[in-house]
Every structure is written in structure tokens, then in C-alpha cells.
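Numbered from 1 within each chain, the chains take letters A, B, ... in sequence-line order.
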Protein chains: 2
Amino acid sequence: MPPRSKAPISRRDRPAKPALTRQGIVATAVTILRAEGLAKVTMRRLAKELDTGPASLYVYVANTDELHAAMLDELLGEVDLDAAAHGGDWRERLAGVLTSYTFMLFAHPELARAALAARPSGEHYLRLLERLLSLLDEGGVPPAQAAWGVDTLLQAATATAAETSARAQSPHADQEWDALSEALHGADERTHPHLHALAAHLLGGTPQQRLSWHFRMLINGIAHTPVGDRAEYRR
Amino acid sequence: MPPRSKAPISRRDRPAKPALTRQGIVATAVTILRAEGLAKVTMRRLAKELDTGPASLYVYVANTDELHAAMLDELLGEVDLDAAAHGGDWRERLAGVLTSYTFMLFAHPELARAALAARPSGEHYLRLLERLLSLLDEGGVPPAQAAWGVDTLLQAATATAAETSARAQSPHADQEWDALSEALHGADERTHPHLHALAAHLLGGTPQQRLSWHFRMLINGIAHTPVGDRAEYRR
DNA sequence: ACCTGAACACCGTTCAAGT
DNA sequence: ACCTGAACACCGTTCAAGT
């Protein structure tokens with residue numbers, strides 16, 4: 001508890017200004033994120049919201065990247081760790097948790113990009129890791145593979161959200177996708193035979209279908225690829 | 001060839017200012033990137049380098065993200081498409097190309113983050129896609145799996161570079177990694193049994209070992225996971 | 001130790017006006 | 001059509017000085 005304030009009475013006409021805390025800063029940042037998006041969560045704006053100057057924030061937060069990581073951990077609290085728990089096998093439940101994680105990032109998409117730069121290390125992140133590891137353990141996946149595997153699972157989910165978000169956001173992103181689509185459909189059969197033949201497959205499928213295949217594919221790969229120096233492939 | 005200039009002679013004391021072109025803009029951007037990093041590649045700085053105002057660039061480039069994508073395609077020309085071609089099987093050669101791609105991004109790490117937001121669609125990108133598809137075809141991977149698979153392979157490589165880059169860059173990044181390391185090693189055995197047991201595995205391995213396993217794992221997964229609505233897992 | 005005002009050194013993008 | 005000066009509306013971070 002802080003000592004009783006010695007501030008002069010002349011401060012009386014403002015509502016009691018709450019003391020700055022790391023928690024309060026992060027909570028306010030998340031509020032702005034939900035209401036106006038990550039672009040508006042700047043040190044200056046945050047300071048204004050907290051009725052102080054930007055310099056004051058640096059007592060509690062090292063820099064913008066660290067702030068983003070802390071915000072992500074806060075949001076990780078929303079992830080449903082028991083998604084698809086209804087009697088499916090471990091793989092379905094694992095995919096369910098990952099899908100819940102991905103959808104959370106879809107809802108706050110700009111944060112996904114930031115998440116690749118600065119991974120969170122807060123309690124919600126640890127809880128998520130623990131849950132993923134327990135599901136892999138349940139499936140009998142060897143510990144070394146499981147440990148490296150969770151990293152790749154979260155990376156895939158985060159990167160997918162980061163990609164999808166960017167496209168959904170800017171009005172220019174559509175044009176870029178069109179450019180790729182046109183390039184693939186117009187691929188020269190002689191110089192790029194595979195692109196030419198697979199254009200439809202490359203661009204096909206709904207985001208949901210591709211995400212679902214992606215998780216299944218990773219789970220298969222993780223379960224069947226031993227850690228070790230020598231390259232070992234199945235079959 | 002442009003028409004002979006009608007500019008008045010009074011312009012004589014400057015070295016002939018080259019006409020703006022998209023190619024020239026991207027080339028200059030890459031030069032600044034190599035010399036000073038992506039943070040210095042701003043519209044204003046680029047304009048100054050090209051002896052014009054920032055507004056002029058918007059005739060050729062829609063926005064900063066699009067510029068980044070074009071720069072990445074330029075750098076993609078450096079990727080060795082025949083890496084590890086010395087008689088290894090298709091999987092080793094595939095991993096070799098992906099490693100070459102990843103190392104290129106390690107050298108220009110900030111661009112990797114940007115690459116997730118705006119995928120390139122230039123000739124070098126198409127060449128890379130074509131090569132990856134041909135190797136998967138050589139391995140007999142079914143077309144639908146190969147098409148979705150290349151996306152995940154490039155995503156994994158790009159995301160890995162984006163993560164690694166951020167850590168290598170900021171002086172604060174070390175502290176963040178330490179925070180995660182400490183959190184994992186200090187995980188409570190009762191509440192987080194798997195984290196506690198696997199802390200060493202989670203943090204272990206060299207980046208090279210993990211990357212190599214990652215690619216092997218993906219190749220296994222892609223080769224053995226059929227596309228389809230029903231969840232199908234091996235074994 | 002914690003907090004702050006002010007400053008430093010910049011940004012991306014738009015738009016009306018020119019050629 | 002292409003190009004531009006100027007403006008709009010901002011940034012992150014540091015630091016000396018205060019309490």
C-alpha cells in the first residue's frame with residue numbers, strides 16, 4: 001500500500017488519478033486495441049489515456065515490442081483449452097485448442113505479427129503450452145518431439161493469423177492477392193509446368209479447410225519424425 | 001527510350017537525374033536495406049536518395065507494404081535453387097532449398113516480418129514455388145498435398161526467420177528470452193507438470209538442429225497427410 | 001525510486017497545383 | 001499522365017530536472 005499522499009489540496013479538481021502499474025498499462029492498451037486496433041495503441045496515446053506523459057510508461061515497459069507481448073499474454077486468457085473436448089481423440093482435441101488460439105488472433109489480427117517478434121512468457125502462455133504438451137503426451141508422442149513440436153504448432157497458427165489479417169485489413173491487400181492469382185493462372189506451361197498444372201490447387205480451398213489440413217499435417221509430422229542428427233524420413 | 005528531354009538548360013548543374021521507375025525505386029530500397037537495415041528504408045529517405053519528394057513514389061508503389069514485398073522478390077533472386085543437389089534424395093534437396101531461403105532471410109531479417117504481411121508475386125517468387133513443387137512431384141507427393149504444402153513450407157521458413165531476427169536485433173530481446181527461460185525452468189511441478197519435465201527439451205537444441213528437424217517434420221507431414229474433409233491421421 | 005515536460009529526430013500519406 | 005511542395009496528423013525514445 002502506498003503511503004498517504006502528500007499532494008497539496010490544489011489537485012482536488014481531477015478525479016483521483018490511479019497510480020501507474022504495469023498491469024494497468026497493459027489493461028488500458030488492450031482496451032484501446034479492442035476499440036480501435038493496434039495502430040492506435042501508441043505510447044503517446046496510451047499515456048494520454050492514463051493522464052500522464054509518454055516517458056512515464058518506460059518505467060514499467062521496456063519498449064513497444066514488450067508491450068505487445070504483454071498484451072498478447074492478456075488475450076491468451078480467452079483461448080479455450082478444452083475446445084472439442086467432447087470425446088474426440090487427442091489429435092482432434094489438440095487441433096481444437098489450436099483453432100481456438102488461431103481464431104483469437106483472427107479477432108486481433110495485427111497482434112499476430114507482433115507476436116512473432118516478441119513471444120509472450122506470461123501465465124496464460126505457460127498454461128497454453130502446458131495444455132498442448134499434455135495432449136501430445138496423451139498421444140504418446142516422445143518428449144523431445146513434443147517439445148519442439150509445440151513451438152512449430154504455435155508458430156504455424158500465429159503466422160497464419162498474421163497473413164490472413166494483413167489481407168483482410170488493407171484495401172491494397174486484395175490487389176496483391178489478385179496479382180498472385182493472376183501470376184499463377186497465367187504461368188507459362190513451358191517454363192513453369194508445375195505452377196501451370198497446380199494453379200487451381202495452389203489457390204484452392206477455403207481458409208478453414210487449409211487450416212484444418214495444416215494442423216493435421218503438423219500433428220502427423222510431429223508424431224512421426226524423431227529428433228536426431230541423421231535425416232530420417234518415413235517410408 | 002524516353003524522348004529527348006525538353007528541360008531548360010538552367011537544370012545543368014545537377015548530374016542527370018534518372019527518371020523514376022518502379023525498378024529503380026526497388027533497387028534503391030534494397031541498397032539502403034543492405035547498408036542500413038529496413039528501418040531506414042522509409043518513403044521519405046528513399047525519396048531523398050532519388051532526389052525527389054515522397055509523394056512522387058506513390059505513382060509507382062501503392063504503400064510501404066507493397067514496397068517491402070517487391071524488395072523481398074528482388075532478394076529471392078539470391079536463393080540457391082540447386083542447394084544440396086549432390087545426389088541426395090528429393091527430401092534432402094528440398095530441405096536444402098528451404099535452408100537457402102531461410103538463410104537469405106536471416107541476412108535481411110526485418111524483411112521476414114514484412115513478408116508475412118505481403119507475400120511477393122514476382123518472377124523470383126514464382127521460380128522458387130516452381131522448384132519446390134517439382135521436388136515434391138519428384139517425391140511422388142500427390143498434387144493437392146504438394147500445393148498446400150509449399151505454402152506451409154515457406155510460411156515456416158519465413159516465420160522462423162522473423163522470430164530469430166527479432167531476438168538477434170534488439171538489446172531487449174535477450175531479456176525477453178531470459179524471461180521465458182526462467183519461467184520454464186521455474187515451472188511448478190504440480191500445476192505445470194509437463195513444462196517442468198520438458199523445460200530442457202523446450203529450450204534445447206541449436207537453431208540449426210531445430211530448423212533441420214522442422215523441415216524434415218513438415219516434409220513427412222505433407223507427404224503423408226491427404227487432403228480431405230474427414231480428419232485422417234496416420235497409424 | 002518514480003515521474004515528467006520538453007525536446008530530438010523523425011514518420012506515411014494525401015491533395016491541390018503544376019508541367 | 002506524371003510529378004511535386006507543402007501540409008496533416010502523427011510517431012518512439014531519451015534526458016535533465018523535479019518530487
Side chain of A:T64 - closest among C:dT14, D:dT13, C:dC3: D:dT13

Any chance you could lay out the side chain to side chain contact (heavy atoms under 4.5 Å, CB included) test for B:M71 and B:L38, step after step, and finish with the verdict? CA-CA 10 Å; B:M71 291 170 68; B:L38 190 66; 4.0 Å; yes

Measure CG/A:L46 against P/D:dG12 and give the value in whole Å, please. 9 Å

Starting at CG of B:L20 and ending at C1' of D:dC3, how long is that distance when rounded to a whole Å? 8 Å

Interatomic distance, A:E66 CD vs D:dG12 C1' [rounded to whole Å]: 15 Å

Grab the CG-P distance between A:L50 and C:dT4 for me, whole Å please. 10 Å

Proximity to the side chain of A:Y58 - top-ranked nucleotide from D:dC3, D:dC15, D:dG12: D:dG12

Qualifying residues under side-chain contact (heavy atoms from CB on, under 4.5 Å), relative to A:T42, sequence neighbours excluded: A:R44, A:R45

Could you spell out the base pairing of DNA chain C in dot-bracket, with Watson-Crick or G-U pairs whose two distances are under 3.5 Å, [ ] crossing and | to another strand? ||.|||||...|||||.||

Sticking with atom C1', work out how far C:dA9 lies from D:dC10, rounded to a whole angstrom. 14 Å

Can you check the distance between C:dC3 and D:dT13, where both ends of the measurement are the C1' atom (answer in whole Å)? 16 Å

Measuring from the side chain of B:N63 (C-beta onward, heavy atoms only), which nucleotide among D:dT4, C:dT13, D:dC2 has the closest atom? C:dT13

Applying side-chain contact (heavy atoms from CB on, under 4.5 Å) to A:T21 and not counting sequence neighbours gives A:Q23

With a 4.5 Å heavy-atom cut-off, do B:L154 and B:L129 have their side chains touching? yes

B:D82 vs B:R131, side chain to side chain contact (heavy atoms under 4.5 Å, CB included): CA-CA, chis, key distance, verdict: CA-CA 9 Å; B:D82 297 307; B:R131 180 69 180 135; 3.6 Å; yes

With A:L20 as reference, evaluate A:D51, A:L50, A:V59 under the side chain to side chain contact (heavy atoms under 4.5 Å, CB included) test and give the passing residue. A:L50

Write out a two-atom table: protein N or O, nucleotide N or O from nucleotides 9-11 of chain D, distance below 3.5 Å.
residue : atom : partner : partner atom : Å
D:dC11  : OP1  : A:T42   : OG1          : 3.1

What's the gap between C:dC2 and C:dA6 when it is taken at their P atoms, as a whole Å value? 24 Å

Position toward the 5' end of DNA chain C (nearest nucleotide), A:V59 or A:P54: A:V59

Tell me the interatomic distance from B:Y60, atom OH, to D:dC2, atom C1', rounded to whole angstroms. 6 Å

Between atom CG of B:L133 and atom CG of A:L202, what is the distance when rounded to the nearest 0.5 Å? 5.5 Å

Tell me the salt bridge (charged side-chain N to carboxylate O under 4.0 Å, His left out) pairs involving residues 190-206 of chain A, sequence neighbours left out? none

For B:Y58, all residues meeting ring-ring contact (aromatic ring centres under 6.0 Å, His included), sequence neighbours excluded: none

